[in-house]
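Here the structure comes first, spelled out in structure tokens, and everything after it is commentary.
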Amino acid sequence: MAAKDELGRAGENRAAAHLTARGFAILDRNWRSTGGEVDVVADAGRELVFVEVKTRRTDLFGDPLAAVDARKRARLWRLAHAWCLAHPDQAHGRRCRLDVIGITGADPATARLEHVEDVPWV
């Protein structure tokens with residue numbers, strides 16, 4: 001596995017641990033469809049939370065949260081819709097939201113973590 005992929009996987013593990021510690025139940029990780037991949041799908045009670053995780057060793061190339069631009073958010077919303085269609089029993093009657101978690105630091109286990117909730121689709 002390439003170092004970039006290992007960093008991303010470690011960041012997703014940290015994000016899942018963060019969400020679990022906040023009371024979320026992880027329903028799915030790295031769910032794929034023809035339109036791409038959702039990093040984490042979590043149950044937050046009345047809401048389904050679709051989480052994009054961006055992990056960087058440094059902020060030399062910008063804040064990882066800034067990488068989730070309008071085009072990427074629109075794609076993530078399409079993926080969330082596809083996930084709901086594929087999992088009707090879990091999705092029925094629930095509000096969906098998009099969260100973004102940015103992790104910056106050499107070691108994802110101890111790096112700075114920023115969690116932005118309810119990101120708009122545009």
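Residues L48 and F24 are members of separate hydrophobic clusters, defined by side-chain heavy-atom contacts under 4.5 angstrom among Ile, Leu, Val, Met, Phe, Trp and Tyr. The hydrophobic clustering, which links ILVMFWY residues whose side-chain heavy atoms are closer than 4.5 Å, places V68 and F50 together. The hydrophobic clustering, which links ILVMFWY residues whose side-chain heavy atoms are closer than 4.5 Å, places V100 and L76 together. V53 and V119 are assigned to two separate hydrophobic clusters, defined by single-linkage of ILVMFWY side chains at heavy-atom distances under 4.5 Å.
Here the closest non-hydrogen pair linking W31 and A86 is CZ2-CB, 4.0 Å. Nearest heavy atoms, S33 versus L79: OG-CD2, 3.3 Å. Residues G102 and P64 come closest through the heavy atom pair CA-CG, 4.0 Å.
Atom CD of residue Q90 and atom SG of residue C84 lie 9.5 Å apart, to the nearest 0.5 angstrom. Once rounded to the nearest 0.5 Å, the distance linking SG of C96 with CH2 of W83 reads 8.0 Å.
Connectivity analysis of hydrophobic side chains (ILVMFWY, heavy atoms under 4.5 Å, direct or indirect) links L85 to nothing; its cluster partners are none.
Electrostatic pairing of R14 and E12 does not count as a salt bridge here, judged by no charged N lying under 4.0 Å from a carboxylate O. A salt bridge does not link K54 with D39: none of the charged nitrogens is closer than 4.0 Å to a carboxylate oxygen. Ion pairing between a basic and an acidic side chain is recognised when a charged N comes within 4.0 Å of a carboxylate O; K72 and E52 show such pairing. E37 has no carboxylate O lying under 4.0 Å from a charged side-chain N of R75, or vice versa, which leaves the two without a salt bridge.
Surrounding CZ of R46 are at most 12 heavy atoms belonging to other residues, nucleotides or ligands under 6.0 Å away. Around atom NE2 of H87, more than 12 heavy atoms belonging to other residues, nucleotides or ligands sit under 6.0 Å away.
Here the options are T104, L113, L7, N13, the test is side-chain contact (heavy atoms from CB on, under 4.5 Å), and the partner is T55; only L7 passes.
Put simply, the side chain of I26 reaches to within 4.5 Å of the side chain of V40, judged on heavy atoms. Within the 4.5 Å cutoff, side-chain heavy atoms of L65 are placed close to those of E114. Annotation: side chain of E47 is not in contact with side chain of R94 (no heavy-atom distance under 4.5 Å). Considering only heavy atoms from C-beta on, L98 comes within 4.5 Å of R73 through its side chain.
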Start with the C-alpha gap between E117 and V49, add the side-chain angles, then the distance that decides, and say whether side chain to side chain contact (heavy atoms under 4.5 Å, CB included) holds. CA-CA 9 Å; E117 297 183 6; V49 183; over 6 Å; no
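Between the side chain of D99 and the backbone N or O of D118 there is at least one donor-acceptor pair closer than 3.5 Å.
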